[in-house]
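Please read the structure below before turning to the comments.
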Amino acid sequence: MQGIPRGIRCAVYDKVVANPTITNIEEARTLYLESGTKAIIAFGGGSAMDCAKVTGACIVKPNKPIHKMKGLLRICKKLPLLIAVLTTAGTGSETTLAAVITDSGAKHKYPINDFSLIPRYAVLDYHVTLGLPKNITTTTGMDALTHAVETYIGRSTTKETRFMAEQATRLIYKNLKTAYDDGQNVKARENMLQAAYCAGIAFSRSYLAMSMPLPILWGAKYGVPHGLANAVILPYFLEEYGPACYGKLAKLARCIGMVPKHTNDRRVAAAFIQWIKDMNQYMKIPEPIQEIRKEDIPAMAKHVAAEGNPLYPVPVLMDAGELEIMYEKIIEKKEGKADAGKDSEAEGVLSRGKTHYIVLP
């Protein structure tokens with residue numbers, strides 16, 4: 001193949017879909033075995049990473065069906081060398097032990113979590129993200145922001161994960177709008193890759209938050225991209241958590257230089273949430289997700305409640321009834337109900353400056 005150093009052979013699997021399926025995994029595994037390759041290079045965004053991870057798992061666990069890998073620590077065997085080359089900046093999949101696979105027949109999507117799925121190397125090269133389409137730039141960037149913010153306000157953080165979440169949020173605050181406006185801006189692309197990497201470390205080591213299974217369900221049932229779902233969901237949950245997260249949100253907002261240090265926590269939290277809404281609007285993220293059907297809400301809420309309770313370290317745990325209300329709020333937006341007035345402290349916080357790039361193994 002052109003561009004490959006002499007003496008190195010490769011086989012290319014290029015049929016991965018936006019929400020990778022069991023069929024993708026089986027085809028990639030067959031190609032790996034038939035071509036006699038010895039390593040896997042995942043080149044792309046989160047979907048390519050997830051496909052590569054589970055392909056590696058199926059190679060080392062040939063007699064274990066994919067659906068039996070669902071959950072935690074069902075592989076426990078070293079994968080072939082896995083190298084992740086990111087072409088988007090958002091999922092953090094290059095740092096995590098997680099992969100999400102879709103059973104397209106059953107319209108069911110489930111996570112597979114095992115330490116062996118963490119790529120051996122991650123290559124963060126801004127060149128492959130230059131000119132990334134605006135819709136992918138924005139949804140992957142807001143995906144990374146969701147990871148960072150939900151880590152920071154959660155109840156299972158460490159000094160390291162809080163630091164990583166702060167780093168990620170600061171970089172996103174200063175660079176996502178620039179990357180969206182100018183897809184060829186080298187510094188913005190560099191910094192967004194670093195932000196996604198930091199956010200991935202943060203949320204993978206501090207566990208998930210309540211909004212995470214909702215995008216997984218929407219992806220399986222309606223084909224909604226994960227980052228888009230997170231971008232829509234995030235401000236709803238932050239508002240619903242209310243005083244339970246004001247202090248941490250305020251600290252995060254001050255840390256990234258969004259507001260003066262001595263402003264009231266509630267007002268600072270409101271400013272931070274409004275910034276997220278403003279970014280969504282500026283980057284033309286649709287509100288809400290039109291595919292959600294009202295008749296599906298009770299079953300989805302029940303599923304998420306069963307998964308989240310009592311393990312998710314969120315500021316406020318929600319039962320199925322409360323989650324149904326969250327869905328209903330989104331449906332109400334679809335029917336045209338307007339936002340409440342902006343807090344005066346929430347205005348004028350949309351744009352800021354710059355930082356720098358990292359290549360990390």
Side-chain angles (χ1 to χ4, degrees), residues 18-19 46 90-91 100 102-104 106-111 135 138-140 142-143 145-147 149-151 153-155 203 207-245 249 269-270 272-274 276-281 283-340:
N19 293 298
T91 68
V100 180
T102 299
D103 183 336
S104 52
K107 291 190 177 180
H108 178 61
K109 199 172 180 181
Y110 52 84
N135 67 312
T138 179
T139 55
T140 55
M142 295 305 285
D143 193 20
L145 181 67
T146 301
H147 296 159
V149 172
E150 291 196 325
T151 294
I153 66 174
R155 294 182 288 106
F203 94 90
Y207 203 43
L208 301 175
M210 201 66 173
S211 69
M212 293 302 289
L214 300 183
I216 290 176
L217 279 176
W218 292 352
K221 198 168 188 67
Y222 308 120
V224 176
H226 190 86
L228 170 61
N230 268 336
V232 173
I233 284 170
L234 181 60
Y236 283 98
F237 274 82
L238 294 181
E239 287 181 333
E240 188 67 21
Y241 292 150
C245 73
L249 274 186
F272 189 90
I273 296 169
Q274 189 60 51
I276 295 171
K277 292 180 179 181
D278 289 346
M279 285 291 287
N280 282 348
Q281 183 176 20
M283 297 186 297
K284 298 180 172 62
I285 290 176
E287 183 190 9
I289 295 172
Q290 299 292 333
E291 291 85 348
I292 298 175
R293 295 194 298 268
K294 192 166 186 176
E295 61 268 26
D296 296 334
I297 289 177
M300 288 191 291
K302 184 177 180 181
H303 176 89
V304 173
E307 182 175 331
N309 285 289
L311 296 178
Y312 281 10
V314 292
V316 178
L317 276 171
M318 299 180 192
D319 60 24
E322 291 166 323
L323 287 167
E324 282 193 45
I325 293 172
M326 295 299 293
Y327 277 79
E328 293 289 349
K329 286 184 178 181
I330 299 177
I331 295 293
E332 287 174 3
K333 290 288 184 180
K334 182 163 65 177
E335 294 171 352
K337 293 192 177 181
D339 279 329

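What you see below is based on every heavy atom in this structure, not just the backbone, and it leaves out hydrogens, waters and symmetry mates.
- Distance check, rounded to the nearest 0.5 Å: CG of L145 to CE of M279 gives 8.0 Å.
- At least one side-chain heavy atom of Y241 sits under 4.5 Å from a side-chain heavy atom of V314.
- For E239, the salt bridge (charged side-chain N to carboxylate O under 4.0 Å, His left out) partners two or more places apart in sequence, or in a different chain, are K277.
- Residues E240 and M318 meet the side-chain proximity criterion, which asks for heavy atoms closer than 4.5 Å.
- F237 contributes atom CZ, which lies 4.0 Å from atom CE of M326 (distance to the nearest 0.5 angstrom).
- Contact check for I297 versus L323: no side-chain heavy atoms found under the 4.5 Å cut-off.
- Counting only residues at least two apart or in different chains, salt bridge (Lys or Arg N to Asp or Glu O under 4.0 Å) contacts with residues 296-306 comprise R293-D296.
- Using a 4.5 Å heavy-atom threshold, the side chains of Q281 and I285 count as separate.
- Under the side-chain contact (heavy atoms from CB on, under 4.5 Å) criterion, T139 pairs with L228, sequence neighbours left out.
- Shown here are the salt bridge (charged side-chain N to carboxylate O under 4.0 Å, His left out) partners of E324, two or more places apart in sequence or in another chain: there are none.
- One finds the CZ atom of F272 at 7.5 Å from the CG atom of L238 (value rounded to the nearest 0.5 Å).
- Considering every non-hydrogen atom in both V232 and P286, the closest pair reads CG2-O, 3.4 Å.
- Applying the side-chain contact (heavy atoms from CB on, under 4.5 Å) criterion to A229, with sequence neighbours excluded, gives P215, W218, V224, I289.
- Residues P235 and I276 share a closest heavy-atom pair of CD-CG2, 3.9 Å.
- Pairing each heavy atom of R155 with each of Y312, the nearest pair is NH2-O, 3.5 Å.
- For A244, the side-chain contact (heavy atoms from CB on, under 4.5 Å) partners at least two apart in sequence or on another chain are P315, V316.
- Counting heavy atoms from C-beta on, the side chains of E150 and F203 never come closer than 4.5 Å.
- For N135, the side-chain contact (heavy atoms from CB on, under 4.5 Å) test picks out P133, with sequence neighbours left out.
- Across all non-hydrogen atoms, the minimal contact from N280 to M142 is OD1-CE, 3.4 Å.
- The two residues T91 and D143 make their nearest non-hydrogen contact at CA-OD2, 3.7 Å.
- How far OG1 of T140 is from NE2 of H226: 12.0 Å, rounded to the nearest 0.5 Å.
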